[in-house]
Chemist: 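Quick one: this structure, given as structure tokens, is what I'll be asking you about.
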Amino acid sequence: MADCALYLITPPQIELEAFLPQLDAALAAAPGAGVEIACLQLRLKDVPDTEVLAAAKAIRPVLAAHGAALIINDSAELAKKAGADGVHLGQSDGSVKPARALLGDDADIGVTCHDSRHLAMIAAEQGADYVAFGAFFPTSTKETAHRPDPEILTAWSMMTTMPCVAIGGITPQNAKPLIEAGADYLAVSAGIWAHPGGPAKAVEEFGEILRAVGGGA
Ligand SMILES: Cc1ncc(COP(=O)(O)OP(=O)(O)O)c(N)n1
Ligand SMILES: Cc1nc(C(=O)O)sc1CCOP(=O)(O)O
Ligand SMILES: [Mg+2]
């Protein structure tokens, strides 16, 4: 029975007063939908560090109330300052070892690996806790140049127990092949926050497909 959880990612810019209730709604909907929301990645772009830290301070208690972790995007130093549970590193955001030295053994450190098993193996050798493959589908959230085949999720899952995250344009309507291929986490941004029925409805719809594929919590 496949097990697959949601890995939420904020929009690139947020207005806290509006975002916090949306985040709480998504998290609150998860248990009833049979969905595990493992974490939220705070992925603010083109804002000062002070804004990231203020957002992290406001978001952390909302996540804690639902048992979800906070991951900071791009910067291990900022993750440390924010008291976050981990950091996500792209291929140009620094490497795992200094992030591990800064954040410690208990931190969750993830690495972008695009469509490359080789990059994922390097990340694993450096001590990453998860690897992320994508973008599996077109997305307006980020410029992407890679389009892996879901088969990379299966190959990775057969090769190692290290979790793999699928990312890129994921919605309840297109997630099935990624769950079936062995994704341990579905990283989703617009599929949650831009869902026409709102974040709770999006979580419920992910729960339906996760249960249908046998991946629900
Ligand atoms: C879970 C996850 N996977 C991939 C990315 C992309 O990271 P990166 O390549 O560093 O690009 P930016 O997100 O920093 O624009 C991610 N953030 N999270
Ligand atoms: C942040 C990010 N990284 C990607 C990669 O391919 O590495 S795709 C992506 C955007 C994820 O947001 P949405 O769920 O709205 O597509
Ligand atoms: Mg990055």
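Every number for a ligand or one of its atoms is a count from 1 in the order of the listing. Quantities reported herein were computed from a predicted structural model and do not represent experimental measurements.
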Chemist: Heavy-atom pairs closer than 4.0 Å: do any link ligand 2 to the side chain of H146, the backbone, both, or neither?
Modeler: neither
Chemist: Less than 3.5 Å apart, which donor and acceptor atoms pair up between the side chains of residues 37-46 and the rest of the protein, not counting sequence neighbours?
Modeler:
from, atom 1, to, atom 2, distance (Å)
Q41, NE2, Y7, OH, 2.8
K45, NZ, D74, OD2, 2.6

Chemist: Taking the basic N atoms (NZ, or NE/NH1/NH2) and the acidic carboxylate oxygens, is any pair closer than 4.0 Å for R100 and D129?
Modeler: yes
Chemist: Got an N/O contact under 3.5 Å between T112 and ligand 1?
Modeler: yes
Chemist: The Mg ion (ligand 3) is nearest to which N, O or S atom of D93?
Modeler: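 Nearest N/O/S atom of D93: OD2.
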Chemist: Got a list of side-chain donor-acceptor pairs under 3.5 Å for residues 132-148, not counting sequence neighbours?
Modeler:
from, atom 1, to, atom 2, distance (Å)
T139, OG1, T141, N, 3.0
H146, ND1, H114, ND1, 3.4
R147, NH1, A135, O, 3.0

Chemist: Within the side chain of K81, is there an N or O that forms a donor-acceptor pair under 3.5 Å with the backbone of L53?
Modeler: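 Here the side-chain-to-backbone pair does not exist.
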Chemist: Whether the H66 and D24 side chains hold a donor-acceptor pair (N or O, under 3.5 Å, no angle test) is what I'd like checked.
Modeler: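 Per modelled atom types, H66 and D24 side chains form a pair under 3.5 Å.
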Chemist: Just distances here: any N/O of D74 and N/O of ligand 1 closer than 3.5 Å?
Modeler: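 There is such a contact, yes.
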Chemist: With no hydrogens and no angle check, is any side-chain donor or acceptor of D108 less than 3.5 Å from a backbone partner on I71?
Modeler: no
Chemist: Using distance alone, determine whether G169 and ligand 2 share an N or O pair under 3.5 Å.
Modeler: yes
Chemist: Which is it for Q91 and ligand 1 at heavy atoms under 4.0 Å: side chain, backbone, both or neither?
Modeler: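 No part of Q91 is near ligand 1 at this cut-off.
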Chemist: Examine K142 against ligand 1 and note whether any of their N/O atoms are separated by less than 3.5 Å.
Modeler: yes
Chemist: Are any of the N/O atoms in T139 less than 3.5 Å from those in ligand 2?
Modeler: yes
